[in-house]
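Step one of this worksheet: look at the structure below.
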Amino acid sequence: MAVLVLSGIEKGFAGRRVLSGIALSFADGEFVSLLGPSGCGKTTLLRIIAGFERADQGAVLIDGRDVSALAPDRRKMGMVFQAYSLFPNMTAFENVRFGPRMQGRSLTEQKERAAELLALVGLEPHRDKYPHQLSGGQQQRVALARALAVRPAVLLLDEPLSALDAKVRVQLREEIRRIQRETGTTTVFVTHDQEEALSISDRVAVMHEGTLRQVAVPAVLYREPADAFVARFIGAGAVLAGRAEAQGVRVGAALLPASAAAAIAPGGEVELFLRPEHIRLASDAGTATAAGLPAAVADLTFLGSFTRVRLTLDGAGVTVAADLPSGEADRLTPGARVFAWWDAASPRILPR
Amino acid sequence: MRRRFGLGSLLVLLAAGAFFLLPLVLTGIFSLWQGGSTYNLATYGKVVNTGAVWTSLLLSLRLTIETAALSLVLLVPAVIVINLRAPRLRAVLEVIAVLPFVVPAIALVAGLTTLYTGPSWLIGTANYLVVPYFIITLPYTYRALDIGIASLDLRTLTEASQSLGASWFQTVVHVVLPNLKAALMGGALLTLTIVMGEYTFAAILLFRTFAVFIADTGQGAITEAAALSLFSFLITWAAMLGVVFSNRRGQTALGGAR
């Protein structure tokens, strides 16, 4: 358990800058996800924390101690890799025992620790199996137990779920979170899957092109994205460019209601961000409690309990999506005329 | 389904079998010949009781062990370092590993005797043969090792090991080598098959290895030479079976080395 601090991390490969100005603190026992599209630098950052890459500038501090110059085997970091990384020549038990063995613990201690960790990940019955005899999910659980067996100061997870099928992925991520809470280990989790990041993290750090775009708790990230990239990357929604007016944002000829626009100087260029769940539909303007915007249904996508309806707003010439309970959406067909409305407090205004 | 193994295939198989086996069978029969129409195991009895047979066989086996040890000590670290730290140097090693194929043995031995000088324990004894043997087995041992390493995710395994607190040395000993067991075994057995049959270097440098001994015997006692040749074949074949067996058991394959 430890406090991890990254300060001013810069990294380039062959003249190309892959990380710049990364400053981030991880509280003791905190679970933080590094989230971003592929190539955003998240894995490089994790490898710098682990010691497999050297930062060009900046420092990695654990409990106030600068470990930037230490070799990976001296950093006390447990790491779980994306690819199955269990040692093929060792059983599950021997894999988990490897760390304590390398640390020079007594044989009794090694065995106790390995048994304890295998029990924690629920794999006691499989202790004598070799990696090729275990399923992908089981292998990653052994890898997690192995990483935790060294009582790491920080646990690093490099997309550990990406090679697993959807169902196992959800099960295992919940298990990772439970085990992390039980052990209280400060954890850095790298993923490109926003659902994964939002569902298990205390905080999420969104990365793009080597920079940190926003670091926040999942709900804040979703409700209050700091910029258009975060807004587009997290969840679904429409980012519409326009000019601020007292009542909302003018997009084309249409005025889209947004109370937050009042705080911006009139005429200022802004982006209006609307989530599908904010938008309501009415078949005539009168039923809409706020002023309804005339729109035409472009298409409908059935998604189980709800249906995503894409609408083209008259005058604005833009398309937005609205999520409707599937029962309500049944009466709509492409081309149908509707009125779209939303609470003016819902849209978020992003600077351009 | 029957068409998959038709008459044509059977004929080819029989022809190939005859091509490979007939000389061996005839050598075997010849080794039993005692003149006229007498056939028995007397030649084998004589061979087994000749001290020089065992001396030369033991020399060849010793040279095999020394060559295999030298190859592994030099090549394992080189292949690991190149795969992890300097992948660009891989091409250089590839070229070096193929060179022994293009340099004739006779040119190699001439070059060696001119260039290599050193302590008498090396130059004055059969140990000297380890140097050319290392060179001629290089293409096989390198290929075996390289394929063994390629079948492992070496980077992830070494990083996992290091993140668990293992030093470089511990990583190589506890993680890399055990997973290369099949490749190492394959490399060593291929060395055995090559060293057991090598004649040119040993004959020119005047060392009496098993192959040289067989050739010498053939000058006078031709049935004994036939018996020894057959014996040499058996050793080589046992080694080849060992390669196949170690491939089947291990996770690594030796495709390029055969």
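All chains are named by letter (A, B, ...) in the order of the sequence lines, taking the proteins before the strands, and each is independently numbered beginning at 1. All figures in this text were calculated on a predicted structure; none of them were measured in a lab.
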| remark: One should read off an interatomic distance between A:Phe98 CZ and B:Thr171 OG1, to the nearest 0.5 angstrom, of 6.0 Å
| request: Decide if atom CZ of A:Arg178 counts as having more than 12 heavy atoms of other residues, nucleotides or ligands within a radius under 6.0 Å. | output: yes
| request: Count the heavy-atom pairs under 4.5 Å between each of B:Gln170, B:Glu159, B:Gln162 and chain A, then report the option with the highest count. | output: B:Glu159
| task | Please state whether the side chain, the backbone, both or neither of A:Leu156 comes within less than 4.5 Å of a heavy atom of chain B. | result | neither
| query | Where does A:Met79 contact chain B at under 4.5 Å (heavy atoms): side chain, backbone, both or neither? | reply | both
| query | Under 6.0 Å from the CZ atom of B:Phe207, do we count more than 12 heavy atoms belonging to anything else shown? | reply | yes
| note | Taken to the nearest 0.5 Å, the spacing of A:Arg75 CZ from B:Ser163 OG works out to 12.0 Å
| said: Counting only heavy atoms not in B:Phe19 (residues, nucleotides, ligands), do more than 12 fall under 6.0 Å from its CZ? | reply: no
| query | Does CZ belonging to A:Arg17 count more than 12 external heavy atoms closer than 6.0 Å? | reply | yes
| To the nearest 0.5 Å, what is the distance between OG1 (B:Thr158) and CG (A:Asp73)? | 11.5 Å
| task | Calculate, to the nearest 0.5 Å, the distance between atoms CG and OG belonging to B:Leu157 and A:Ser85 respectively. | result | 7.0 Å
| A:Ala149, part contacting chain B, at a heavy-atom distance under 4.5 Å | neither
| Name the one of A:Arg146, A:Arg101, A:Met102, A:Gln103 that satisfies side-chain contact (heavy atoms from CB on, under 4.5 Å) with B:Leu164? | A:Arg146
| query | Nearest 0.5 Å, what's the CG-NZ distance between A:Asn89 and B:Lys181? | reply | 7.5 Å
